[in-house]
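Step one of this worksheet: look at the structure below.
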Amino acid sequence: MGRLSGKVAIITGGGSGMGAACTELFVKEGAKVVTTGRHIEKMQKIVAAFNAGGQYDDDVLVLQQDVSKEEDWIRVAAETEKRFGKIDILVNNAGVLDSVPYSSITYENWKAVMDINGWGQMLGYKTVVPYMQKIGGGAIVVVSSMAAANSGGGLTAYCASKGASDALSRAASVLLAPMNIRTNSILPGTIETPMLRNAFPDEASWNAMTQTQLMKRVGTPQEIAYLALYLASDESGFTNGVSVIVDGGIHNSPATVVADA
């Protein structure tokens, strides 16, 4: 406990999956957390579930945000500083999935995914970095995907957007290091999130997908959250510009890989 004591974090996409897991873990590890998403009621229910006794009432703030809109980023950053005094950590997690193949994709499909997964993360850097500069540094954790490194099941725009996310993290690690701001990327494989469940809605398809995994299971959001915790904390003070694969080892296998969702 206390691995993030004294830190203030913004976590996007806090309404489910990895963002929700990061929110709970960061708060329990001592951080003040602003968790954001498009559906505020979902986030409020998640926070209420781990804050049943009200012990974290002063430690977590839920805000509505569409990460593709710059005005939302400006508002979230300003409200974070107003409530907690600073911003030490950004977890750029919010993302969407689109399974349209290249032969059928339209500009509307492409733009919808890129606006969230690519431009939304770019806006995070643009908006939050000046706040980190004011306090002498910070840590940015990017949740990308193994789809940045493999076919991702042919999810054309999704693969491209996650490739952009990961590449942006590496570029930022060079540009921001002189400011004492570290940027690292997580590349999850198949993680049990609502998006992944929606992609495999029945037990037969879910079980078939699971059997393609080397460990015969998918990962949990908590397993991603613990890596995000390390990368956000001072424990990883000399870790910068890395892309960490979390996929149970399947990237070493010739088997077909289904990207996280």
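Since the model is a prediction, treat every value here as computed from it, not as a measurement.
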* Quick one: do Leu90 and Met132 satisfy side chain to side chain contact (heavy atoms under 4.5 Å, CB included)? Show the steps, please. => CA-CA 10 Å; Leu90 169 64; Met132 293 180 172; 4.2 Å; yes
Would you say [Y] ends up clustered with [X] if hydrophobic residues are merged whenever their side chains have heavy atoms under 4.5 Å apart, either directly or through other cluster members?
{"X": "Ile105", "Y": "Met114", "result": "yes"}
{"X": "Val76", "Y": "Met122", "result": "yes"}
{"X": "Ile186", "Y": "Leu4", "result": "yes"}
{"X": "Val128", "Y": "Ile11", "result": "no"}
{"X": "Leu97", "Y": "Val67", "result": "no"}

Under the 3.5 angstrom rule, does the side chain of [X] hit a backbone N or O of [Y] as a donor-acceptor pair?
{"X": "Glu29", "Y": "Gly2", "answer": "yes"}
{"X": "Lys32", "Y": "Phe84", "answer": "no"}
{"X": "Thr220", "Y": "Glu223", "answer": "yes"}
{"X": "Trp73", "Y": "Gly120", "answer": "yes"}
{"X": "Arg75", "Y": "Gln64", "answer": "yes"}
{"X": "Asn92", "Y": "Val143", "answer": "no"}

Quick check: closest heavy atoms across [X] and [Y], and the distance to 0.1 Å?
{"X": "Cys22", "Y": "Ala228", "answer": "SG-CB, 3.8 Å"}
{"X": "Ile181", "Y": "Asn240", "answer": "O-OD1, 4.3 Å"}
{"X": "Ile135", "Y": "Ile87", "answer": "CD1-O, 3.3 Å"}
{"X": "Arg170", "Y": "Gly241", "answer": "CG-O, 4.2 Å"}
{"X": "Thr36", "Y": "Thr12", "answer": "OG1-CA, 3.4 Å"}
{"X": "Val34", "Y": "Thr80", "answer": "CG2-OG1, 3.4 Å"}

Flag yes if more than 12 heavy atoms outside [X] fall under 6.0 Å of its [atom1] atom; otherwise flag no.
{"X": "Phe50", "atom1": "CZ", "answer": "yes"}
{"X": "Lys82", "atom1": "NZ", "answer": "no"}
{"X": "Lys69", "atom1": "NZ", "answer": "no"}

Does the side chain of [X] reach to within under 4.5 Å of the side chain of [Y], using non-hydrogen atoms?
{"X": "Val62", "Y": "Ile40", "result": "yes"}
{"X": "Asn117", "Y": "Val96", "result": "yes"}
{"X": "Ile140", "Y": "Leu176", "result": "yes"}
{"X": "Pro188", "Y": "Met18", "result": "yes"}
{"X": "Gln222", "Y": "Leu25", "result": "no"}
{"X": "Ser169", "Y": "Tyr125", "result": "yes"}
{"X": "Thr35", "Y": "Leu61", "result": "no"}
{"X": "Ile89", "Y": "Ile10", "result": "no"}

* **Side-chain ion pair, Glu24 and Lys28, N-O less than 4.0 Å** =>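 Salt bridge flag = yes for Lys28 with Glu24.
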* Salt bridge Lys7-Asp234, side-chain N to carboxylate O under 4.0 Å -> yes
Does the side chain of [X] come under 3.5 Å of the side chain of [Y] through a donor N or O and an acceptor N or O?
{"X": "Asn207", "Y": "Thr210", "result": "no"}
{"X": "Glu70", "Y": "Thr127", "result": "no"}
{"X": "Ser165", "Y": "Gln121", "result": "yes"}

* Checking side chain to side chain donor-acceptor pair (under 3.5 Å) for the pair Asp115/Ser68: CA distance, chi angles, key distance, verdict? -> CA-CA 5 Å; Asp115 279 355; Ser68 70; 5.3 Å; no
* Structure fact -> The complete set of side chain to side chain donor-acceptor pair (under 3.5 Å) pairs with one or both residues in residues 42-51, sequence neighbours excluded, reads Asn51-Asp57
* Does any pair with a residue in residues 175-188 pass side chain to side chain donor-acceptor pair (under 3.5 Å), and if so which ones, sequence neighbours excluded? ->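 Matches after skipping sequence neighbours: Asp166-Ser185, Arg182-Ser236.
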* Please step through side chain to side chain contact (heavy atoms under 4.5 Å, CB included) for the pair Val60 and Phe26, ending with a clear verdict. => CA-CA 10 Å; Val60 60; Phe26 280 32; over 6 Å; no
* To do: Run the numbers on Ile46 and Thr23 for side chain to side chain contact (heavy atoms under 4.5 Å, CB included), then give the verdict.
  => CA-CA 9 Å; Ile46 287 166; Thr23 297; 5.7 Å; no
* Asked: Mind checking what makes side chain to side chain donor-acceptor pair (under 3.5 Å) contact with Asp88, not counting sequence neighbours?
  -> Lys86
* Gln213 and Asp247: CA distance, side-chain angles, deciding distance, side chain to side chain contact (heavy atoms under 4.5 Å, CB included) verdict -> CA-CA 9 Å; Gln213 306 299 304; Asp247 70 348; 6.0 Å; no
